[in-house]
Amino acid sequence: MTLSEKDSQYLWHPYTQHKTAQTPIAITRGEGALLWDENNKEYIDAIASWWVNPFGHSNKIIADAIYKQLTTLEHVLFGGFTHEPAIKVAEKLMEILPKNQQKIFFSDNGSTAVEVAIKVALQYFFNKNEKRTTIIAFENAFHGDTFAAMAASGISFYTQAFQGMFIDVVRIPVPVKGQEELSFKTLKTLIESHNCAGFIFEPLVQGAAGMVMYEPEALATLIGICKENKVLTIADEVMTGFGKTGKTFAMDYVAEEPDMMCLSKALTGGTIPMAITTFTQNVFEAFYDDDINKALFHGHTFTANPTGCSAALASIDLLRTAEMQNNIQRINASHLIFQEKIENHPKVITARTLGVIFAVEIKSDAEESYYGSMRNKLYNFFIEKGVVLRPVGNIVYILPPYIMTDEQLQKVYDTIEEAIEMV
Ligand SMILES: *Cc1c(COP(=O)(O)O)cnc(C)c1O
């Protein structure tokens, strides 16, 4: 039996209807931007394995750091104990985060980073004896699959079975071009009519919605409105963080600083699951008290796992090298040329680029759903051609590892052009 066949006996995959899904491809090896399956077929990983892998598969530098940590101190509980890798991650993040971020809290994945931020926003006001229980989020947001994160997410596909079981969330339109004023106005109205604790957003790019982009000035205005009304702001940089937008964080483009930030995905260079929520001193102080009940009673068994921390340290160092910064610029320049080439194609609605993120919307006759027929046709075409891309409805996006070569990138572009002709 092949690995693919054995898989279906026991395994339940994410976002998968097993009755209709094809058997998964068994990957046996990865190097740089490439993956190989059990039949030795080669694939270009053009979405960095769900946005986690900027420095390439099986990266030697990160692997060595992990090995060294595993053979020194693989793990120790973080309740009542601490260790150098966690302290070093905090010190390193302080050098690159927006200046107002002063405290960091570890967890395991993007959803838990968001869960922590939302709980902190709610408890912040509870601790101050202020009744504020509503969270504001964008339409079509994606913040993860645990309950508070799902509540904040607006893509019905992921959440429809759980409607009516969520914390209170109200939604504002994303301030894409032409919709800025409506977004600002809705935010103001909702803050007046609800007891709002926090506003959570994906800064500048909504990933799961199909790389929907909006301008930093609009986000600064929204954050400004929240500040005037003492609503805490949460920048979910789980996707955008660590160079994807061309700057270290998407918030680096924005004139206003958030109260909290959520980090995961590329944090460990795509090696070990780990996440961080960061806070201002002001947020931390609402929990700092002689009363134990005001503490944040949240934690995960593997909080601040030293091995994960060692991977994060190596990753952040790699990100800051001139080589990686040049790679990000190189890919961005290349995307812009490709965008110019195809945006006027009769079958293209629009194309957009920010940093290493590129997206193109393809015309379709029918209203295209998230996992609709055009999406499946495109996906299968890409896989057949040896390119890993996961379209969102009629939107094809590229989010490559920063080390992807020009030749590999060209093959991805060529394949997308062919696909546009095909559908
Ligand atoms: C992927 C993602 C999450 C969830 O992260 P997981 O590690 O999958 O739980 C949250 N927010 C954003 C913006 C994401 O892209």
Side-chain angles (χ1 to χ4, degrees), residues 12-16 47-54 105-121 135-155 157-159 162 166-167 169 171 174 198-214 219 233-245 248-251 253-254 258 260-278 298 300 302-303 305 308 311-312 315 354-357 359 370 390-392 395 397-400:
W12 195 342
H13 286 261
Y15 309 121
T16 300
I47 55 166
S49 283
W50 267 344
W51 324 337
V52 298
N53 190 313
F105 189 94
F106 284 96
S107 64
D108 303 339
N109 57 68
S111 303
T112 56
V114 166
E115 208 75 18
V116 168
I118 290 177
K119 284 176 71 175
V120 164
I135 298 293
I136 306 158
F138 277 139
E139 285 164 3
N140 280 321
F142 181 75
H143 296 292
D145 292 339
T146 55
F147 253 78
M150 250 202 310
S153 297
I155 301 171
F157 215 89
Y158 294 99
T159 60
F162 311 101
F166 290 138
I167 58 164
V169 172
R171 271 177 221 292
V174 185
F199 167 41
I200 185 165
F201 51 87
E202 295 160 88
L204 307 193
V205 190
Q206 290 188 298
M211 303 298 162
V212 172
M213 297 179 188
Y214 61 96
L219 182 54
T233 52
I234 304 165
D236 178 355
E237 294 240 16
V238 168
M239 188 283 280
T240 49
F242 303 104
K244 311 253 185 57
T245 64
T248 305
F249 298 106
M251 288 310 294
Y253 287 96
V254 181
M260 306 180 219
M261 285 172 69
C262 305
L263 312 173
S264 187
K265 291 207 166 112
L267 171 64
T268 61
T271 56
I272 292 178
M274 173 168 267
I276 288 173
T277 313
T278 73
H298 186 105
H300 297 281
F302 277 97
T303 297
N305 169 251
S315 295
L354 182 67
V356 303
I357 306 167
Y370 209 85
R390 281 178 68 95
V392 175
I395 302 167
Y397 70 86
I398 313 172
L399 201 167

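Order of listing sets the numbers, starting from 1, for every ligand and every atom in it.
Of the possible donor and acceptor atoms, none in the side chain of Thr233 sits under 3.5 Å from a partner among the backbone N and O of Phe199. Between the side chain of Ser315 and the backbone N or O of Gly269, at least one donor-acceptor pair lies under 3.5 Å. Using a distance-only test at 3.5 Å, with no hydrogens or angles considered, a donor-acceptor pair links the side chain of Thr268 to the main chain of Ile272. No donor-acceptor pair closer than 3.5 Å links the side chain of Glu237 to the backbone N or O of Pro203. The backbone N or O of Gly355 sits nowhere less than 3.5 Å from a side-chain atom of Thr245 that would complete a donor-acceptor pair. Without hydrogens or angle criteria, Ser264 side chain to Met274 main chain gives a donor-acceptor distance under 3.5 Å.
In terms of polar-atom proximity, defined here as any N/O pair under 3.5 Å, Ser264 makes no such contact with ligand 1. Looking at Gly144 next to ligand 1, no N or O pair under 3.5 Å apart turns up.
Within the 4.0 Å heavy-atom shell around ligand 1 one finds Trp51.
Nearest non-hydrogen protein atom to atom 12 (C) of ligand 1 is Asp236 OD2, 3.4 Å. Annotation: atom 14 (C) of ligand 1 to nearest protein heavy atom, Lys265 NZ, 3.0 Å. Considering only non-hydrogen protein atoms, atom 9 (O) of ligand 1 sits nearest to Ser111 OG, 2.6 Å.
Centroid-to-centroid, the aromatic rings of Trp51 and Phe142 stay 6.0 Å apart or farther.
The side chain of Glu202, and not its backbone, has at least one atom closer than 4.0 Å to an atom of ligand 1 (non-hydrogen atoms only; side chain from C-beta on).
Interface of Met239 with ligand 1, defined as ligand atoms under 4.0 Å from a residue heavy atom, comprises 15 (O). Of all the atoms in ligand 1, the ones that sit under 4.0 Å from a non-hydrogen atom of Gly110 are 4 (C), 5 (O), 6 (P), 7 (O), 9 (O). Here is the list of ligand 1 atoms found below 4.0 Å of a heavy atom in His143: 10 (C), 11 (N).
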